Student: 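What follows is a single structure, and I will ask about it in a moment.
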Amino acid sequence: MVADKHTSEEKHEEKHDVLKATQVVIHRALEKLGYPEEVYELLKEPIRMLTVKIPVRMDDGTVKIFTGYRAQHNDAVGPTKGGIRFHPSVTEREVKALSIWMSLKCGIVDLPYGGGKGGIVCDPRNMSFRELERLSRGYVRAISQIVGPTKDIPAPDVFTNSQIMAWMMDEYSRIDEFNSPGFITGKPLVLGGSHGRETATAKGVTICIREAAKKRGIDLEGARVVVQGFGNAGSFLAKFMHDAGAKVIGISDAYGALYDPNGLDIDYLLDRRDSFGTVTKLFKNTITNKELLELECDILVPAAIENQITEENAHNIKAKIVVEAANGPTTLEATEILTKRGILIVPDVLASAGGVTVSYFEWVQNNQGYYWTEEEVEEKLEKVMVKAFNNVYETAQTRRVDMRLAAYMVGVRKMAEACRFRGWI
Ligand code: GLU
């Protein structure tokens with residue numbers, strides 16, 4: 001039998017299929033809002049999905065063929081928008097789910113975009129600078145027909161950064177025969193990047209933590225915070241929490257976790273982390289990621305990868321609030337368990353929307369050719385995030401649903417309305 005041949009990892013993957021999980025919540029949200037079934041049929045998958053092969057000349061002279069994807073979920077509201085991840089475990093279904101989440105984020109923070117997402121199956125940790133440049137440029141050439149400043153605007157995601165955005169912008173500008181800074185966001189400042197983009201996701205998460213703590217009567221001063229992941233979101237978040245007077249007692253990377261009940265020295269850890277967020281290898285006394293998630297704390301922030309809180313460990317989570325800085329860190333089963341236990345979950349599609357919000361600001365600045373100060377960006381981000389948080393929180397209260405379903409209801413509504421006005425449904 002075929003099923004018997006599946007490895008336990010494949011079974012885990014199947015069980016925690018992020019696309020299926022997203023579709024379930026989209027369906028529930030549309031049902032609650034009273035939309036007919038065909039709206040779900042349209043929104044359950046991206047309207048466009050491109051799979052490409054990218055030949056790259058490696059430094060040793062051999063040619064390696066990489067697989068890349070670009071998913072465009074829905075462009076009724078406006079051009080699609082979303083990051084590109086470089087990771088060995090990228091799959092087509094994952095990229096599809098990530099593009100749907102981008103649509104939801106854009107709806108929740110009310111941006112004039114639909115969602116998109118890209119991914120390349122590769123491990124940038126084992127590639128040289130020049131190999132990464134060739135891969136980045138090759139990917140842009142392969143997807144150039146369906147992207148562009150008014151079509152689909154990429155950005156950074158897991159293991160991609162402003163240098164990669166710069167190469168991609170340069171490649172696109174050559175194809176387009178124009179300088180096209182609005183093609184991609186998350187660029188270096190000198191190439192039309194925005195102040196505050198690098199820290200935007202963490203800033204947005206910080207605002208959500210502050211608002212959620214208020215709702216639960218938790219004082220941030222002295223609150224015990226655990227952050228899983230020390231990449232772009234996790235590392236800056238640990239810093240912001242530390243600066244806000246909270247005690248960051250646990251952090252982790254892909255290889256292990258650090259724990260100190262008296263609070264970790266975040267500035268030292270930030271100084272020692274590498275560009276992929278690895279830091280725990282420098283220490284002997286580490287704990288596992290599993291132990292980290294189950295630590296006694298007030299606020300837990302999964303800021304790494306998908307499916308970290310599942311039905312297996314949800315009963316052991318001791319935090320009062322879980323704020324999802326990563327995309328898809330909590331399964332639906334775990335969401336139900338945590339909600340029943342009275343733990344407040346601030347879902348990914350809300351908590352991590354600060355990144356795309358400042359990406360939108362970057363694109364607006366590129367389009368108008370006039371640039372804002374860091375203070376202006378921060379002030380605007382603060383307003384957007386507070387409004388989005390309260391909108392989702394109130395929807396959860398009035399419709400008596402958890403924050404995830406409430407966020408999906410808010411996120412999907414604008415898209416469905418845009419499709420209706422366009423006469424698509
Ligand atoms: N990759 C980020 C996300 O998942 C940011 C996307 C963007 O800035 O467009 O939200």
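Whatever order the structure lists them in is the order used to number ligands and atoms, beginning at 1. Nothing here was measured: the structure is a model prediction, and the numbers come from that model.
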Student: Using a plain distance cutoff, I'd like to know if Asp157 has any nitrogen or oxygen under 3.5 Å from a nitrogen or oxygen of ligand 1.
Tutor: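 There is such a contact, yes.
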Student: What's the shortest distance from atom 7 (C) of ligand 1 to any protein heavy atom, and which residue and atom give it?
Tutor: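 Heavy-atom neighbour on the protein nearest atom 7 (C) of ligand 1: Ala155 CB, 3.3 Å.
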Student: Tell me which protein heavy atom sits closest to atom 10 (O) of ligand 1, plus the residue, atom name and distance to 0.1 Å.
Tutor: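 Answer for atom 10 (O) of ligand 1: Lys105 NZ, 2.8 Å.
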Student: Which heavy atom of the protein is the closest neighbour of atom 9 (O) of ligand 1, given with residue, atom name and distance?
Tutor: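 Heavy-atom neighbour on the protein nearest atom 9 (O) of ligand 1: Lys81 NZ, 2.9 Å.
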Student: So Val349 and Val392, do their side chains get closer than 4.5 Å, heavy atoms only?
Tutor: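 Answer no - side chains too far apart.
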Student: Assess Arg85 for proximity to ligand 1: is some non-hydrogen atom of it under 4.0 Å away?
Tutor: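 Under 4.0 Å: no for Arg85.
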Student: In the protein, what heavy atom is nearest to atom 5 (C) of ligand 1, and what distance, to one decimal place, separates them?
Tutor: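 Atom 5 (C) of ligand 1 sits closest to the protein heavy atom Arg197 NH2, 3.5 Å.
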Student: Got the closest protein heavy atom to atom 8 (O) of ligand 1, with its distance?
Tutor: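 Looking only at protein heavy atoms, the one closest to atom 8 (O) of ligand 1 is Ser359 OG, 2.6 Å.
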Student: Is it true that Pro156 lies under 4.0 Å from ligand 1, counting heavy atoms only?
Tutor: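 So Pro156 counts as touching ligand 1.
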Student: Is it true that Glu31 and Arg28 make a salt bridge, defined as a side-chain N closer than 4.0 Å to a carboxylate O?
Tutor: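 Between Arg28 and Glu31 there is no salt bridge, as every charged N stays at least 4.0 Å from the carboxylate O atoms.
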Student: How does Pro154 reach ligand 1, if at all, at less than 4.0 Å between non-hydrogen atoms: by side chain, backbone, both, or neither?
Tutor: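 Within the 4.0 Å criterion, Pro154 makes no contact with ligand 1.
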Student: Could you list the atoms of ligand 1 found under 4.0 angstrom from a heavy atom of Gly355?
Tutor: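 That gives atoms 8 (O) of ligand 1.
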Student: Taking 4.0 angstrom as the limit, do Lys290 and Glu312 come out as a salt bridge?
Tutor: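 No, this pair does not count.
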Student: With distance as the sole criterion, is a donor-acceptor pair present between the side chains of Lys53 and Thr67 under 3.5 Å?
Tutor: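 Yes, a side-chain donor-acceptor pair sits under 3.5 Å.
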Student: Measure up the Trp363 and Tyr360 rings against each other and bin them: parallel (under 30°), tilted (30 to 60°), perpendicular (over 60°).
Tutor: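 Taking Tyr360 first and then Trp363, their aromatic rings sit tilted (interplane angle of 30° to 60°).
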Student: Could you tell me if the side chain of Phe389 sits less than 4.5 Å from the side chain of Met403, heavy atoms only?
Tutor: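 They are in contact (side-chain heavy atoms under 4.5 Å apart), so the answer is yes.
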Student: Heavy atom under 4.0 Å from ligand 1: found in Lys117's side chain, backbone, both, or neither?
Tutor: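 Side chain only; the backbone of Lys117 stays clear of ligand 1.
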Student: Picking from Gln365, Glu362, Lys187, Glu374, what satisfies side chain to side chain donor-acceptor pair (under 3.5 Å) with Ser194?
Tutor: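 Only one option passes, and that is Gln365.
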